[in-house]
Number of protein chains: 2
Amino acid sequence: MSVPLYQAKAELFRTLGHPVRIRVLELLQDGPKPVRDLLAAIDVEASNLSQQLAVLRRAGMVTSYRDGPLVMYALSTPDVADLLAAGRRILGAVLTDRDALLDELRAGGPDR
Amino acid sequence: MSVPLYQAKAELFRTLGHPVRIRVLELLQDGPKPVRDLLAAIDVEASNLSQQLAVLRRAGMVTSYRDGPLVMYALSTPDVADLLAAGRRILGAVLTDRDALLDELRAGGPDR
DNA sequence: TACCGAGTTGAAGGATTTCGCAAGTGCTAA
DNA sequence: TTAGCACTTGCGAAATCCTTCAACTCGGTA
């Protein structure tokens with residue numbers, strides 16, 4: 001195979017590995033939105049947002065189309081929302097584990 | 001919360017954004033494994049693997065313990081497997097879309 | 001036509017990551 | 001104690017990513 005599967009997977013996840021891109025995807029979960037709205041919600045420069053949108057477009061995670069004077073973006077497949085949800089679940093699991101460890105340390109662990 | 005949620009999410013996904021780390025997690029889905037085995041399966045230098053394992057450890061996605069002369073690694077939570085599965089699903093959706101486009105573009109010989 | 005708002009693109013820089021080598025730690029057996 | 005396997009860590013060099021600025025395209029409107 002030309003691009004090993006595990007490399008394609010890594011690229012997929014790396015695409016999500018940026019705060020602005022995550023926020024865009026989360027905002028688009030509620031339906032298509034114009035760049036205007038994303039820009040108003042995210043606090044980032046227009047050109048920067050545009051660059052991040054381009055990354056998401058190249059990765060095939062969003063699609064865009066023009067609606068009069070506005071450019072609209074939408075998730076290319078609802079599966080993206082599943083992935084975000086799975087991420088939320090893990091984040092919960094991992095963070096509680098870490099907090100448990102922190103609490104253990106703070107309480108004065110078995111060895112010091 | 002000290003770190004905004006969307007940033008924590010981005011870090012989580014970025015952790016998965018590396019071929020070696022993806023392979024490690026997939027191999028660990030079948031149960032704990034010593035570094036030896038990972039090394040034999042992945043084709044990467046020992047020091048490099050060690051560094052990627054350290055990244056996964058810091059992110060809280062795997063745990064390690066020593067068993068005699070070997071160091072064992074395991075997924076810290078089975079939720080990680082869910083995330084990988086979700087990734088696989090999206091990859092399917094996104095790649096078929098893209099392949100359809102590619103086929104449309106080239107109508108010709110196999111290369112790359 | 002000229003102009004303006006909405007987005008995009010290209011390029012430069014600075015910041016992060018990644019990689020391989022060399023050196024170091026831990027455990028076990030001789 | 002010495003040797004040796006199993007890993008890990010420190011550290012530059014190279015590759016990659018992120019951000020910003022300036023310039024550009026596209027629609028709508030006067």
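Every chain is numbered from 1 and lettered A, B, ... according to where its sequence line falls, protein lines coming before strand lines.
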B:L49 side chain near B:V24 side chain, heavy-atom distance below 4.5 Å: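 The answer is yes; the side chains approach within 4.5 Å.
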
query: Going from CG on B:L91 to CG on A:L12, what distance comes out if it is rounded to the nearest 0.5 angstrom?
result: 6.0 Å

- prompt: What is the distance from CG of A:L49 to C1' of C:dA6, rounded to the nearest Å?
  reply: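 Going from A:L49 (CG) to C:dA6 (C1'), I get 12 Å.
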
- request: Compute the bend angle of the helix from C:dT1-D:dA30 to C:dA30-D:dT1 from the end axes (five pairs per end), rounded to 10°.
  value: 10°

Rounded distance in Å - OH (A:Y65) to P (C:dT8):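 Between P of C:dT8 and OH of A:Y65: 14 Å.
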
message: Does C:dT17 have its OP1 or OP2 closer than 4.0 Å to a side-chain nitrogen or oxygen of B:Q52?
response: no

- prompt: So do B:S64 and B:R57 actually touch side chain to side chain, heavy atoms under 4.5 Å?
  reply: yes

task: Using whole Å, report how far CD of A:E11 lies from C1' of C:dT17.
output: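 Result: 15 Å.
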
- prompt: Counting only non-hydrogen atoms, which of residues 14-31 of chain A are less than 4.0 Å from DNA chain C?
  reply: A:R14

- prompt: Between A:L38 (CG) and C:dT8 (C1'), how many Å, whole number?
  reply: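 For the pair A:L38 CG and C:dT8 C1', the rounded distance is 15 Å.
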
- prompt: For A:D37 and C:dA6, what is the distance between atoms CG and P respectively, to the nearest whole Å?
  reply: 11 Å

query: Heavy atoms, side chains only, cut-off 4.5 Å: are A:M61 and A:V55 in contact?
result: no

Separation of A:D82 CG from A:T77 OG1 (nearest 0.5 Å):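 Between atom OG1 of A:T77 and atom CG of A:D82 there are 8.0 Å.
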
- prompt: So where does chain B start and stop touching DNA chain D, 5' to 3', when the test is distance under 4.0 Å to a non-hydrogen atom?
  reply: D:dA6 to D:dC11

field: Side-chain donor/acceptor of B:Q51 to base of C:dG20, under 3.5 Å
entry: yes

- request: Assign B:N48 to base, sugar-phosphate, or nothing according to its heavy-atom contacts below 4.0 angstrom with the strands shown.
  value: sugar-phosphate

message: A side-chain contact here means heavy atoms from C-beta on lying under 4.5 Å apart; do B:L53 and B:L38 qualify?
response: yes

message: With heavy-atom distances below 4.5 Å as the criterion, would you say the side chains of A:I22 and A:L84 are in contact?
response: yes

- request: Please determine if A:E11 and A:R58 form a salt bridge, counting it only when a charged side-chain N lies under 4.0 Å from a carboxylate O.
  value: no

message: Between A:Y73 and C:dT8, is there a contact of a side-chain N or O with OP1 or OP2 at under 4.0 Å?
response: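 For C:dT8, OP1/OP2 do have a side-chain N/O of A:Y73 under 4.0 Å.
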
field: Position toward the 5' end of DNA chain D (nearest nucleotide), A:E45 or A:P69
entry: A:E45

- request: Kindly indicate whether the side chain of B:L56, heavy atoms from C-beta on, has any atom under 4.5 Å from the side chain of B:Y73.
  value: no

query: Of B:R36 and B:S47, whose closest DNA chain D nucleotide lies nearer the 5' terminus?
result: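 Checking each residue's closest nucleotide, the 5'-ward one belongs to B:R36.
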
message: Is any side-chain heavy atom of B:Q52 closer than 4.5 Å to one of B:H18?
response: yes

query: Are any non-hydrogen side-chain atoms of A:R21 and A:L16 less than 4.5 angstrom apart?
result: no

- prompt: If you find the nucleotide of DNA chain C closest to A:R57 and the one closest to A:R66, which residue's nucleotide is nearer the 5' end?
  reply: A:R66

- prompt: Is it true that B:R88 and B:E26 have a side-chain N and a carboxylate O under 4.0 angstrom from each other?
  reply: yes

